[in-house]
Peer 1: 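One structure, as structure tokens, below. Some questions next.
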There are 2 protein chains.
Amino acid sequence: MVMQMTKTSIDRRVARTRATLHQTLMSLILKQGYEAITIRDICDAANVGRSTFYAHYTSKEDLMRSGIENLRQVLFDRQRDALATPGDLRHRSLGFSLTLLEHARDHIDLHRGLVGGGTVALGIIRQILSDVVRDEIAATGDKKSSDAIPRELVVQYVVGAYMAVLTWWLDRGAKPPPTEVDRMFRRLATDGILPHLAEGGSP
Amino acid sequence: MVMQMTKTSIDRRVARTRATLHQTLMSLILKQGYEAITIRDICDAANVGRSTFYAHYTSKEDLMRSGIENLRQVLFDRQRDALATPGDLRHRSLGFSLTLLEHARDHIDLHRGLVGGGTVALGIIRQILSDVVRDEIAATGDKKSSDAIPRELVVQYVVGAYMAVLTWWLDRGAKPPPTEVDRMFRRLATDGILPHLAEGGSP
DNA sequence: GCACAATTGGACAAGGTGTACGTTAATGGG
DNA sequence: CCCATTAACGTACACCTTGTCCAATTGTGC
């Protein structure tokens, strides 16, 4: 059907069909929301036969997944560079934050569709981010104290908090610049929330 | 159909039907997951006519929502008590955490169904928690400094982090006791994550 | 140019969704 | 205790989506 080992032999028709389907899905998400989209809708809007759709993807979720997977590469590449660069731990930790925020700013339509697009997209992004953060924590080493918090709990805590901030940012039109949101998120994560609530918090 | 002003005039048949539907939905969620459930499934398992279902609820989501709304009351009531009780700010902030964790422990089947149950349930819980946290922050007052972080961002940060922790806890069989998870979450939120990652973090 | 692969469009069965309506049975006030 | 009220039933209906199949057509790559 589509299986080819060499990268040179990707039929133009295949590439065109897949690209069209991805673009159409994203535009439809912005228009009517992910849940409300049917495979028929996608095919109609993309001018692609419904049989053709099933020749490439098994479901709406499948199409969505394949569209997001390239994001994983972007984040891992940038993180590898960041970890290789020497510098203060405080400044290089949580490095995915700025990367993803800028990626979102540069592909604002795509990301607004993703966060507005129901469970599937968010779930995939959460998965990717969890892997990234887990790697980062493993690289920086973790505390050995007796009352230590499970590493995975910290990962889920950070990812959950970040995705909530990202969603909030996108839902409000991505008004503040990425650098500022990045700064706020990292301060909350590193300093805790108390200094930002009560007037007499710790510095 | 059902509209009655006085609380005494709730037909037993109505109450019985609704309760049955709620119970059935929860048990089905545990069995096959929220998404895979059809209204037919619910009615068959509940021995309720499908027409009867539509006489009470408009959709699966509608049924789910009405089942979770009572949770809101529980959280708000407990929070009101907590805020009325004098004590150190550090100890009474984020009070919803223990409340919800214990509620989850006491209704473990229900909550495992909820977090496993797709977007809808999580979305409703997120909404409720956001309201609770927003109230709490408003009650404790917020920092007036110039570089302040938007209040709503803090709310979303906290709720996102908490729900991730809660989900993680439930997905792992709710092994550690609520008090311990509560302690870990609040320490992460108040102290930040750095002290729990690097060996040389701030106290 | 030619063999091959991809796309097309139509047809098909299976199954879910809402709605309508006449019938049956339970409820609760008088 | 009886009966008007009201919920529940179940059947039928039209409409839609899904997933699969196939023959015919079109576009590619060699």
Peer 1: Starting at atom CD1 of Ile39(B), determine the distance to atom C1' of dC16(D), rounded to an integer number of angstrom.
Peer 2: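 Roughly 14 Å, once rounded to whole Å.
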
Peer 1: Between atom OH in Tyr54(B) and atom C1' in dA7(D), what is the gap in whole Å?
Peer 2: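 In whole Å, dA7(D) C1' and Tyr54(B) OH are 18 Å from each other.
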
Peer 1: Just by modelled atom types, is the Pro176(B) backbone N or O under 3.5 Å from a matching donor or acceptor in the Trp169(B) side chain?
Peer 2: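 A pair under 3.5 Å: yes.
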
Peer 1: Tell me which of Asp41(A) and Arg50(B) sits closer to the 5' end of DNA chain D, going by the nucleotide each one is nearest to.
Peer 2: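 It is Arg50(B) whose nearest nucleotide is closer to the 5' end.
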
Peer 1: Quick one: Glu61(B) CD to dT17(C) C1', roughly how many Å, whole number?
Peer 2: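 To the nearest whole Å, that distance equals 13 Å.
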
Peer 1: With DNA chain C as reference, determine whether Arg13(B) or Arg40(B) sits nearer its 5' end, using the nearest nucleotide of each.
Peer 2: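 By nearest-heavy-atom nucleotide position, the 5'-most residue is Arg40(B).
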
Peer 1: Specify the separation, in whole Å, of atom CD of Glu35(A) and atom P of dC16(D).
Peer 2: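 Distance, rounded to whole Å: 21 Å.
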
Peer 1: How far apart are the closest heavy atoms of Ala104(B) and Leu166(B), and which atoms are they?
Peer 2: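 Scanning both residues completely, I find the closest heavy atoms to be CB-CD1, 4.4 Å.
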
Peer 1: Between dA8(D) and His56(B), is there an OP1 or OP2 to side-chain N/O distance shorter than 4.0 Å?
Peer 2: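 For dA8(D), OP1 or OP2 has a side-chain N or O of His56(B) closer than 4.0 Å.
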
Peer 1: Do the side-chain N or O atoms of Thr52(A) get closer than 4.0 angstrom to the phosphate oxygens (OP1, OP2) of dA6(C)?
Peer 2: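 For Thr52(A), the contact criterion (side-chain N or O under 4.0 Å from OP1 or OP2 of dA6(C)) is not met.
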
Peer 1: Looking at Arg13(A), is its backbone amide N or carbonyl O close enough to the side chain of Thr17(A) to form a donor-acceptor pair, meaning the two atoms are under 3.5 Å apart?
Peer 2: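 Yes; judged by distance alone, with no hydrogens or angles, the pair exists.
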
Peer 1: Compare the minimum distances between each of dT17(D), dT8(C), dG16(C) and the side chain of Thr38(A), then state the nucleotide with the smallest one.
Peer 2: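 The nucleotide sitting nearest to the side chain is dT17(D).
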
Peer 1: For the pair made of CD1 in Ile42(A) and C1' in dT18(D), what is the distance, rounded to whole Å?
Peer 2: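 Taking CD1 of Ile42(A) and C1' of dT18(D), I get 13 Å after rounding.
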
Peer 1: With a 6.0 Å cut-off on ring centres, are Tyr157(A) and Tyr162(B) close enough?
Peer 2: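 No, the ring centres sit 6.0 Å or more apart.
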
Peer 1: Without hydrogens or angle criteria, can the side chains of Ser66(A) and His22(A) be said to hold a donor-acceptor pair below 3.5 Å?
Peer 2: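 A pair is found: one side chain offers a donor N or O, the other an acceptor, under 3.5 Å apart.
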
Peer 1: Base, sugar-phosphate alone, or nothing: which one does Thr17(A) contact when heavy atoms must sit under 4.0 Å apart?
Peer 2: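 It contacts sugar-phosphate atoms only.
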
Peer 1: Calculate the interatomic distance between Arg18(B) atom CZ and dT6(D) atom P; express it in whole Å.
Peer 2: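 So the CZ-P distance, Arg18(B) to dT6(D), works out to 15 Å.
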
Peer 1: Calculate the interatomic distance between Phe53(B) atom CZ and dG18(C) atom P; express it in whole Å.
Peer 2: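 So the two atoms are 9 Å apart, to the nearest Å.
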
Peer 1: Between Thr58(B) and Ala15(A), name the one whose nearest nucleotide on DNA chain C is closer to the 5' end.
Peer 2: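 Whichever sits nearer the 5' end wins; that is Ala15(A).
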
Peer 1: Please pick, from dT18(D), dT28(D), dT7(C), the nucleotide with the shortest atom-to-atom distance to any side-chain atom of Asp11(A).
Peer 2: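 Side chain of Asp11(A) sits closest to dT28(D).
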
Peer 1: Write down the distance between OH (Tyr57(A)) and P (dT7(C)), rounded to a whole number of angstrom.
Peer 2: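 So the two atoms are 10 Å apart, to the nearest Å.
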
Peer 1: Nearest to the side chain of Ser51(A) - dT18(D), dT8(C), dT19(C)?
Peer 2: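 Looking only at side-chain atoms, Ser51(A) lies closest to dT8(C).
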
